[in-house]
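Note sheet for the following structure.
Positions are given from 1, in the same order as the sequence printed here.
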Amino acid sequence: MTTTASAMPADSTTPREPITIALLGSGVVGTSVARELTQNAADFEARIGAPLQIVGVAVRDTRKDRSETGLPADAFTTDAQALVDGADIVVELMGGDEPAKSLITRALSNGSSVVTANKALLGSDGPELYQLAMDHGVDLSYEAAVAGAIPLIRPLRESLAGDGVTKVLGIVNGTTNFILDKMHRTGADLEDVLAEAQELGYAEADPTADVEGYDAQAKAAILASLAFHTRVRTSDVHVEGIMNITAEDITAARRAGCVIKLLAIAEKVERGEADGGAGVNVRVHPVLLSRSHPLASVHEAFNAVFVETKLAGELMFYGRGAGGDPTASAVLGDIVQAAHHRVTGGRGSGESAYADLPILPIGESLTRYVVRVEVADEPGVLGRVTSAFGEHGVSIESMRQGVRRSEDGLASLTFMTHQAPEAALAATVDSIKKLADVDCVSSVLRAEGN
């Protein structure tokens, strides 16, 4: 009986050829990855069964001092393509669309495994890249693409493979969580807290991707694809940011025993066969969250993802969602796994899209709402407003009248609804806005939790 080297590990006394690694990008994450691979080379070799060798790092400017990585100056190059062509594992930490997409495509086509943290690229072009990895029998790993250091991708893809995920709710953007958390604790306006977040380095000079929800949108697509075995792209995800959240919204939430969080939500919606069967709804938007919900206690720039399953019940994954070292931890885990597969043979779990469920529009999502309306402080107004809810089949759970604004003769009414379709709520709000006694609909927030 004979065995091949790919079927079982080589004897521990047999020296193995190094597994070569090309790093694309040397920002804070790339620097941390290079430093750890260099300083702890013996540990990594012991874990994998073969040494790891960084063959080079692709950068834009080779003149910059990068001694912190522990690599010699001649390890840095502007020729990313040459590095890709000579590596067993390509680690893409450049971000963005191009040249990242072309380089990843080239690496996979060459038979190289790829580790990436590029959530934007995976959200838009993931299906094609997963298929390419499968065609060439190599790994495409991306633990760092969602929630930084938090082990999340592998549990969804492997640990829960025998279970059925029904819903995923996540705080997956640290910048927006920092802003909303600080607004709750201090009562400050969003613009002031955003400026502070930029000073502290939590927000970019251009914070659009964070505060408008686009960063969370790409991550929601990745999570939904994994959870429901269905190809979900970023363009399938409804998104609303936090820029319309006011200090008044925060105060109202606090009075109701709630907090406001920007959540990525993906859920499997069971519909009757006449309606097309089960589907997937994926969205990102601010949520009024009961303080009793575990996600309500996630503070500052931390991330957390709450998963509901049929068998395991409720699970929560919590930790640092960004930063050089935390993100590098996830990248290094993927490198170790990909390298181990190069030594022992085989590959990790690939894309699972067998369910191929339809992506449902936001109008079909079911949730509860909190609607705040400024109305004329006159008899009969409440009845006319509540009638608008009834006309569209939206049931009111509770109503609270705020302090009268005597200077302009207005009163504030806050309605909490029972669960209703998004489309019905939108029609209700439109009807309320048209009432002569209504000054404005000052806030509409979706609610989760008790």
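- For the 3.5 Å distance criterion, the side chains of Tyr369 and Glu422 qualify, holding a donor opposite an acceptor.
- For the residue pair Thr208/Glu212, the side-chain donor-acceptor check at 3.5 Å is not satisfied.
- The stretch residues 184-194 participates, sequence neighbours left out, in these side-chain hydrogen bond (donor to acceptor under 3.5 Å, both in side chains) pairs: Asp181-Arg185.
- Salt bridge absent: Arg16 and Glu45 never bring a charged side-chain N and a carboxylate O closer than 4.0 Å.
- Partners of Phe306 according to the ring pair (Phe, Tyr, Trp, His ring centres under 6.0 Å) rule, which considers only residues two or more places apart in sequence or in another chain, are His293.
- No side-chain donor from either of Asn303 and Asn177 sits under 3.5 Å from a side-chain acceptor of the other.
- For the 3.5 Å distance criterion, the side chains of Ser365 and Thr367 fail to qualify, holding no donor opposite an acceptor.
- Neither side chain, Asp85 nor Gln81, offers a donor N or O lying under 3.5 Å from an acceptor on the other.
- Checking Arg368, Lys261, Lys167 one by one against Glu448, the salt bridge (charged side-chain N to carboxylate O under 4.0 Å, His left out) holds for a single residue, Lys167.
- Each of Ile222, Leu262, Asp215, Leu223 was compared with Val172 under the side chain to side chain contact (heavy atoms under 4.5 Å, CB included) criterion, and only Leu223 meets it.
- Among Val57, Leu83, Ile89, Val90, the single residue meeting the side chain to side chain contact (heavy atoms under 4.5 Å, CB included) criterion with Leu23 is Val57.
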Show every donor-acceptor pair shorter than 3.5 Å between a side-chain atom in residues 144-154 and any protein atom, with sequence neighbours excluded, or say none if there are none.
unit_1: Arg154; atom_1: NH2; unit_2: Asp334; atom_2: OD1; d: 2.6
unit_1: Arg154; atom_1: NH2; unit_2: Gln337; atom_2: OE1; d: 3.4

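- Looking at Ser112 and Asn110, their side chains never bring a donor and an acceptor atom within 3.5 Å of each other.
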